[in-house]
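Data first, discussion second: the structure below is written as structure tokens.
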Amino acid sequence: MLSYYNLQDEKVTAQLYIQQKGLEGESFSIEKDTFLDHYILSDASGKDINGDGFLEIVFVNYSTFCSKSKVLEIFRITKDGLQPLKIQPVFPVKDFKFADLNNDNIYEVLLDYGETEEICKSCFLCKNIFYSKILRFDNKNCYYLDRDLEQGFYRFYVEENLKYLDFEEIYFLEPEYFDNLINLLFYIVLLKDDDLINKFNDELKEMGLKLSKYSGMIKDNYYCLFKLFYDIRLQKFFKRNYLYYNQTLIIERDFYDKLSEYFPDYKIVSIDQFNDRIKDIFKDPGFIRSYRFPPFCGWGDFNGDNKEDFILLLTNKEHTIYKLVVCLVMSKDAIRMIELDSFTHYDEKIDFFLQINYPYTQEVVDDFRNSVYFIDDYSFSFIQAGKKELLYFWNKPINNFDRIYRKE
């Protein structure tokens, strides 16, 4: 026998037809203006998901103004009607699912906040679902965030999926494998497990040597993963304290004072000083999707100490003398300033720029040993359009920077 219920609030009226063993059909009507433009029913509806002896109805609201568009609402079905269950938090998520993580017949809610899409913007191939937050039901009729359960879930996921670290070249063409590898990376970072992070790093380096002979999608996917690993690693464990670039350059006061102390008559080059050709390149949407640094500065771990360093292009007040300066971050309060080069340029607009190179993307020929190897840390290039490229990298044997001259 079908039961009939009305759900009413100040914004939406929904009519449901509910059968004892599940849902047979549903119909909806929307009343009044609201940013939630429609309801749908989740597949979890019609089940006792919280072990209270009642079936639950799970609504999904879609927001039209937010890319993370799904909002959950859960109601208990009783003989007196639908009773709402509280959910904290209630703001939109990218996706969700119900899962009984500890086998107690009470289902937790796993939430995907869309972190991977926000951090990995270098390609559009990653379609993975990444559940980083977990809601647990308590005896106060409320779903709440449970940090301890999250850590246990991260650990379980990592242990179950460490097999993906046994890299094989061909797997880098398979989207499902690649998505699982990215998820594994994120969960390892969330665990803050240094041993696993180092293992991931070692496996990536070993795979880099194997893939050096490839081109095309296999190598592109590898570079994407490597960039993602280093970006996340630096952002999570060595928070950028000095520079941030998003159309404008923001400099922390302490860092600005140290820079002014070393170079009192110089300032960082601005985007307006570059010629139109360079500005067009660095403002092109397709270019900045895969390259996130401005032409006058960049950051990365240049000397392999797991701290984020900086490279800056400075100029004097007359815009005639330019300096290439590296800032090696030794600790939060200690920065080593190294002037790599100084030169004159009298044209009104400049035709040179900096380029950051990710680890294992730059090949170096060692004439003394008659061998070829890849630079295993961040490096950077000083490029003068149509004329030359100077590749700067940290030379571990001499414990200082070295450079290679390349013609364009």
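Because the structure is predicted, anything quoted here is derived from the model rather than measured.
- Under a 3.5 Å cut-off, the side chain of Asp194 and the backbone N or O of Asn198 do not form any donor-acceptor pair.
- Atom CD of Glu73 and atom NZ of Lys86 lie 14.0 Å apart (nearest 0.5 Å).
- Heavy-atom neighbours of Lys199 NZ from other residues, nucleotides or ligands within 6.0 Å: at or below the threshold of 12.
- A distance-only check finds a donor-acceptor pair linking the side chain of Glu56 to the backbone of Ile49 [under 3.5 Å].
- Counting heavy atoms from C-beta outward, Ile74 and Ile87 have side chains that approach closer than 4.5 Å.
- Taking CG of Leu162 as the reference point, atom CZ of Phe200 lies at 10.0 Å (rounded to 0.5 Å).
- When all heavy atoms are compared, the tightest approach of Glu389 to Ile383 is CG-CG1, 3.8 Å.
- Within the 3.5 Å criterion, the main-chain N or O of Ile197 finds no donor-acceptor partner in the side chain of Asn201.
- Crowding of Lys267 atom NZ: a count of heavy atoms from other residues, nucleotides or ligands under 6.0 Å not exceeding 12.
- Taking every heavy atom of both residues into account, Ile188 and Leu196 meet most closely at CG2-CB, 3.8 Å.
- One finds the CG atom of Asp112 at 11.5 Å from the CZ atom of Phe96 (value rounded to the nearest 0.5 Å).
- When every heavy atom of Ile134 is checked against every heavy atom of Glu108, the shortest pair comes out as CG2-CB, 3.9 Å.
- Both tests hold for Lys323 against Tyr266: distance to the six-membered ring centre under 6.0 Å, angle to the ring axis within 45°.
- Note: His319 NE2 to Ser270 OG = 6.5 Å, rounded to the nearest 0.5 Å.
- Taking the centre and axis of the six-membered ring of Tyr113, the NZ or CZ atom of Lys133 falls inside the cone set by 45° and 6.0 Å.
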Derivation of the side-chain contact (heavy atoms from CB on, under 4.5 Å) call for Phe274 and Phe296: CA-CA 9 Å; Phe274 293 89; Phe296 49 80; 3.9 Å; yes
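- Under the 4.5 Å side-chain criterion, counting only non-hydrogen atoms from C-beta, Leu391 is in contact with Ser379.
- Here the shortest heavy-atom pairing between Cys327 and Leu312 reads SG-CD1, 3.9 Å.
- When side chains are defined from C-beta on, Leu85 does not count as touching Phe75, because their heavy atoms never get closer than 4.5 Å.
- Side-chain rings of Phe153 and Tyr131 stay apart, their centers remaining 6.0 Å or farther from each other.
- Considering CG of Leu354 and CZ of Phe293, their distance stands at 11.5 Å, rounded to 0.5 Å.
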Begin from the C-alpha positions of Tyr322 and Val269 and carry the test side-chain contact (heavy atoms from CB on, under 4.5 Å) through to its verdict. CA-CA 9 Å; Tyr322 294 84; Val269 171; 4.0 Å; yes
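- Taking the centre of each ring, Phe130 and Tyr187 come in below the 6.0 Å mark.
- Distance alone, capped at 3.5 Å, places no donor-acceptor pair between the Asp276 side chain and the Asp280 backbone.
- Under the 4.5 Å side-chain criterion, counting only non-hydrogen atoms from C-beta, Ile335 is not in contact with Asp309.
- Surrounding OH of Tyr144 are more than 12 heavy atoms belonging to other residues, nucleotides or ligands, all under 6.0 Å away.
- With respect to Leu101, the side-chain contact (heavy atoms from CB on, under 4.5 Å) criterion is satisfied by exactly one of Leu110, Asp146, Ile106: Leu110.
- Looking at Thr315, its side chain does come within 3.5 Å of a backbone N or O of Ile321 through a donor-acceptor pair.
- Aromatic ring centres of Phe302 and Phe380 lie closer together than 6.0 Å.
- Between Asn50 and Tyr143 there is a side-chain heavy-atom pair separated by less than 4.5 Å.
- Using a 4.0 Å cut-off between charged side-chain N and carboxylate O, Asp351 and Arg277 make no salt bridge.
- Inter-residue side-chain proximity for Asp52 and Arg76 is flagged as met; some heavy-atom pair is nearer than 4.5 Å.
- Counted by atom type alone, Gln355 and Asn357 present one or more donor-acceptor pairs between their side chains at under 3.5 Å.
- Partner of Trp394 under the side-chain contact (heavy atoms from CB on, under 4.5 Å) criterion, chosen from Asp305, Val326, Leu328: Leu328.
- Under the 4.5 Å side-chain criterion, counting only non-hydrogen atoms from C-beta, Phe353 is in contact with Phe282.
- In terms of modelled atom types and a separation under 3.5 Å, the side chain of Glu160 and the main chain of Tyr157 share no donor-acceptor contact.
- Taking SG of Cys297 as the start and CD1 of Ile311 as the end, the distance is 9.5 Å to the nearest 0.5 Å.
- Look at Asp301 and Lys307 and you find no salt bridge, because none of the NZ, NE, NH1 or NH2 atoms lies under 4.0 Å from a carboxylate O.
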With side-chain contact (heavy atoms from CB on, under 4.5 Å) as the criterion, how do Phe401 and Asn395 come out once you've worked through the C-alpha distance, each side chain's angles and the decisive distance to 0.1 Å? CA-CA 6 Å; Phe401 282 94; Asn395 190 324; over 6 Å; no
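- Side chains of Leu390 and Ile404 form no contact here, defined as non-hydrogen atoms less than 4.5 Å apart.
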side-chain contact (heavy atoms from CB on, under 4.5 Å) evaluation trace for Tyr405 with Lys388: CA-CA 7 Å; Tyr405 177 83; Lys388 66 179 180 180; 3.6 Å; yes
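- Taking a cutoff of 4.0 Å between a charged side-chain nitrogen and a carboxylate oxygen, Glu261 and Lys258 do not qualify as a salt bridge.
- Leu149 and Arg136 make their closest contact through CD1-NH2, 3.4 Å (heavy atoms, listed as atom of the first residue, atom of the second, distance).
- If you look at Phe343 and Phe352, their ring centroids are closer than 6.0 Å.
- Around OH of Tyr107, the count of heavy atoms belonging to other residues, nucleotides or ligands within 6.0 Å does not exceed 12.
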Start with the C-alpha distance between Lys396 and Asp377, add both sets of side-chain angles, then the distance that settles salt bridge (Lys or Arg N to Asp or Glu O under 4.0 Å), and finish with yes or no. CA-CA 10 Å; Lys396 291 181 174 64; Asp377 293 313; 2.7 Å; yes
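- Under the 3.5 Å distance criterion, the side-chain polar atoms of Asp193 are matched with a main-chain donor or acceptor of Asp195.
- The two residues Leu184 and Asn161 come nearest to each other via the heavy atoms CD2-O, 3.4 Å.
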